[in-house]
Every structure is written in C-alpha cells, then in structure tokens.
*Asks:* 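Input: one structure, supplied below.
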Amino acid sequence: MSLFRRRPGSPDDPQAAPAPPGSGAPVPHAHDARVVVYSRAGCHLCETAEAVVERVCAEQGSDWARVDVDTDPELVRLFHAMVPVVFVDGRQHDFFRVTPARLVGALERPAP
C-alpha cells in the first residue's frame with residue numbers, strides 16, 4: 001500500500017493513464033504504413049533509427065512513416081521519453097535503437 005494518495009484524473013493516477021503500447025489498446029497512427037517510427041525533432045536516437053528504417057524498408061520494398069509524438073497529446077502520454085519507438089504491422093517492434101537484422105526479419109514475415 002502506498003503512503004501517497006493520487007488525485008483521481010491526475011497524470012500519475014494509474015486509472016487515468018493510457019494503456020501502454022503492446023497492451024492491445026489502439027495506438028494512433030500505428031497502421032499508417034507497414035513500419036511506423038514514433039519520434040520527435042532534435043532527437044539524435046530518432047534520427048539514427050529513421051535512417052536505419054529508411055534503408056531497410058527501401059531494401060525490402062516496404063513503406064514506412066514517421067510520426068512526431070509531440071503533435072498529439074495521446075502520443076506524448078504513451079511514449080513520453082521512450083522515443084524512438086518502431087511499430088511493424090501495427091505492433092511495437094523496437095524502441096531506442098533499431099537493429100537492422102531484426103527489422104529485416106520482421107519484414108520478411110507476411111503482413112497480417
């Protein structure tokens with residue numbers, strides 16, 4: 001039991017928080033392309049991840065999209081400082097760093 005009480009509806013209220021990625025709750029834009037990179041401007045990890053995704057998707061003939069999390073309050077709540085986050089076929093694949101071989105493996109599986 002916590003010694004601290006949370007105000008209902010406050011950002012730290014677990015009942016007010018959105019479902020985390022992978023929980024089955026829909027994530028905005030997750031189906032905009034086969035691969036979706038959630039990132040933000042000025043993030044060096046995001047730039048690196050986007051370069052890897054762009055190269056691998058070009059090699060594999062897959063489409064990809066970039067979504068700036070700072071344009072949507074729901075995405076800010078979902079991903080906060082966990083960017084970049086990569087989704088493949090609507091499901092979370094990686095975050096922070098993208099491993100090219102792992103992404104190739106995911107793209108070689110048929111899309112659902």
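Small disclaimer: the values here were computed from a predicted structure and weren't measured.
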*Asks:* Please report the shortest heavy-atom distance between V67 and L75, naming the atom on each side.
*Replies:* CG1-CD1, 3.5 Å
*Asks:* V35 and F95: same hydrophobic cluster, using ILVMFWY side-chain contacts below 4.5 Å?
*Replies:* no
*Asks:* To the closest 0.5 Å, what do you measure between CD (E54) and CD (E59)?
*Replies:* 11.0 Å
*Asks:* What closest approach, in Å, do D63 and C57 show between heavy atoms, and which atom pair accounts for it?
*Replies:* O-SG, 4.2 Å
*Asks:* Do F96 and V27 belong together in a cluster built from hydrophobic side chains that touch within less than 4.5 Å?
*Replies:* yes
*Asks:* Look at the side-chain heavy atoms of Ile, Leu, Val, Met, Phe, Trp and Tyr, link any pair under 4.5 Å apart, and say whether V86 and V104 land in one connected group.
*Replies:* yes
*Asks:* Hydrophobic clustering (ILVMFWY, side-chain heavy atoms < 4.5 Å, transitive) - are V53 and V88 grouped together?
*Replies:* yes
*Asks:* Please name the pair of heavy atoms, one in R55 and one in P100, separated by the smallest distance, quoted to 0.1 Å.
*Replies:* NH2-CG, 3.6 Å
*Asks:* Just how far is it from atom CZ of R40 to atom OG1 of T71, taken to the nearest 0.5 Å?
*Replies:* 10.5 Å
*Asks:* Any sub-3.5 Å donor-acceptor pair from R91's side-chain atoms to A30's backbone N or O?
*Replies:* no
*Asks:* Considering all heavy atoms of both residues, which atom of R34 and which atom of S62 are nearest to each other, and what is their separation?
*Replies:* NH1-OG, 4.0 Å
*Asks:* Find the distance between CD (E74) and NE2 (H29) and round it off to the nearest 0.5 Å.
*Replies:* 10.5 Å
*Asks:* Do L78 and V83 belong to the same hydrophobic cluster, where Ile, Leu, Val, Met, Phe, Trp and Tyr are linked whenever their side-chain heavy atoms lie under 4.5 Å apart, directly or via other members?
*Replies:* yes
*Asks:* Look at the aromatic rings of F79 and Y38 and report parallel, tilted or perpendicular, splitting at 30° and 60°.
*Replies:* tilted
*Asks:* When rounded to the nearest 0.5 angstrom, what is the spacing between CG in D72 and CZ in R77?
*Replies:* 8.0 Å
*Asks:* Taking H93 as the fixed residue, which of L103, L107, V36, V37 is the one that meets the side-chain contact (heavy atoms from CB on, under 4.5 Å) rule?
*Replies:* L103
*Asks:* Would you check if H31 and F87 make a side-chain contact, meaning some heavy-atom pair closer than 4.5 Å?
*Replies:* no
*Asks:* Can you tell if the side chain of P84 reaches within under 4.5 Å of the side chain of V98, non-hydrogen atoms only?
*Replies:* no
